[in-house]
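Right, one structure below, let's go through it.
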Amino acid sequence: MSAPEPAVTGLNAALGIGDLERVADDLARAEMPVTDSVLQPFGNVHGGAYAALAETVTSWATYESVGPENGAFGQSNDTSFLRPVSSGTVHAEARPKHRGRTSWVWEVEMRNDEGKLCALSRVTIAVRPLSGMPGGKSPG
């Protein structure tokens, strides 16, 4: 069984998250265009959009390593916002800090088009068997 491309459905599609790429075992990337759908009322990228981008790239990259027998599910997400972004694209780079049997821990740097650091996330991804789960697939 193969997981669906995560940017095609659900929240990822609504936020425009795409260009997911697992560059190597220790690096994954994704992008999110800055559109009205990711902005808070003051015109900057909403904190929840950064958190969703971080969780998407890390859960997808984890699944690429542990699937298809296992799924990858967000367990915790601690995102710090450092610089506002109001246009362009947010570029995420994720690097695993721990790759365990039941959980992975990632650090994600999110930058604007000028390469300036805008947000940092530490995301823990739970690794669980997919057999017996409703739908039997990993969310991206």
Side-chain angles (χ1 to χ4, degrees):
M1 167 186 25
S2 132
E5 174 67 28
V8 173
T9 62
L11 181 62
N12 300 332
L15 298 179
I17 296 171
D19 292 332
L20 275 90
E21 178 183 22
R22 186 165 170 245
V23 179
D25 285 343
D26 64 347
L27 177 62
R29 293 187 179 126
E31 293 184 346
M32 180 178 64
V34 178
T35 63
D36 288 344
S37 63
V38 302
L39 298 178
Q40 40 92 313
F42 298 104
N44 297 312
V45 174
H46 191 286
Y50 286 114
L53 175 59
E55 190 165 319
T56 295
V57 68
T58 57
S59 62
W60 182 254
T62 302
Y63 177 78
E64 287 289 306
S65 291
V66 303
E69 308 82 28
N70 294 301
F73 305 91
Q75 187 171 349
S76 73
N77 186 326
D78 181 16
T79 301
S80 298
F81 316 108
L82 309 173
R83 174 187 310 275
V85 176
S86 58
S87 64
T89 302
V90 177
H91 308 270
E93 284 197 351
R95 296 184 186 281
K97 298 301 176 182
H98 168 76
R99 290 181 247 191
R101 185 179 56 80
T102 61
S103 67
W104 287 40
V105 178
W106 294 80
E107 289 185 354
V108 184
E109 294 184 352
M110 288 165 275
R111 298 178 183 277
N112 63 15
D113 286 331
E114 291 77 42
K116 294 181 179 177
L117 188 61
C118 302
L120 287 169
S121 293
R122 178 170 288 219
V123 181
T124 301
I125 301 296
V127 176
R128 299 293 183 266
L130 287 176
S131 61
M133 288 194 152
K137 59 185 177 183
S138 177

Inset, instruction - Would you please test Leu20 and Thr56 for side-chain contact (heavy atoms from CB on, under 4.5 Å) and show each step? - result: CA-CA 9 Å; Leu20 275 90; Thr56 295; 4.1 Å; yes

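- Separation of atoms OG (Ser65) and CG (Asn70) is listed at 11.0 Å; rounding is to 0.5 Å.
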Donor-acceptor contacts under 3.5 Å from residues 23-34 side chains, at least two apart:
residue, atom, partner, partner atom, Å
Asp25, OD1, Arg22, NH2, 2.7
Arg29, NE, Glu93, OE2, 2.9
Arg29, NH2, Glu93, OE2, 3.3
Glu31, OE2, His91, ND1, 3.0

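- In this structure, CE in Met110 is found 9.0 Å from OG in Ser80, a value given to the nearest 0.5 Å.
- The closest donor-acceptor contact from the side chain of Glu114 to the backbone of Lys116 lies at 3.5 Å or more, if one exists at all.
- Going from atom CD of Glu107 over to atom CG of Asp78 covers 10.5 Å, rounded to the nearest 0.5 Å.
- Side chains of Thr79 and Asn77: a donor on one and an acceptor on the other come within 3.5 Å.
- Scanning both residues, Val108 and Ala92, for their nearest heavy atoms gives CG1-CB, 4.0 Å.
- Here His98 contributes atom NE2 and Arg122 contributes atom CZ; the two are 11.5 Å apart, rounded to the nearest 0.5 Å.
- Between the CD atom of Gln75 and the OG1 atom of Thr58 there is a distance of 11.5 Å, given to the nearest 0.5 Å.
- Here the side chains of Tyr50 and Val85 are in contact, with some heavy-atom distance below 4.5 Å.
- The distance from the OG1 atom of Thr102 to the CD1 atom of Ile125 is 12.5 Å, given to the nearest 0.5 Å.
- Using cut-offs of 30° and 60° on the angle between ring planes, the pair Trp104 and Trp106 is parallel.
- In this structure, Val105 is not a member of the same hydrophobic cluster as Trp60, with clusters built from ILVMFWY side-chain heavy atoms closer than 4.5 Å.
- Minimum interatomic distance between Ser103 and Thr124 (heavy atoms only, all atoms of both residues): CB-CG2, 4.3 Å.
- Between Thr62 and Val127, the closest side-chain pair of non-hydrogen atoms falls below 4.5 Å.
- Here Leu117 pairs with Leu82, Glu109, Arg111, Leu120 under the side-chain contact (heavy atoms from CB on, under 4.5 Å) rule; sequence neighbours left out.
- Contact record, Ser86 with Gly43: CB-O, 3.2 Å, taken as the closest heavy-atom pair.
- Pro68 and Leu130 get closest at one heavy-atom pair: O-CD1, 3.3 Å.
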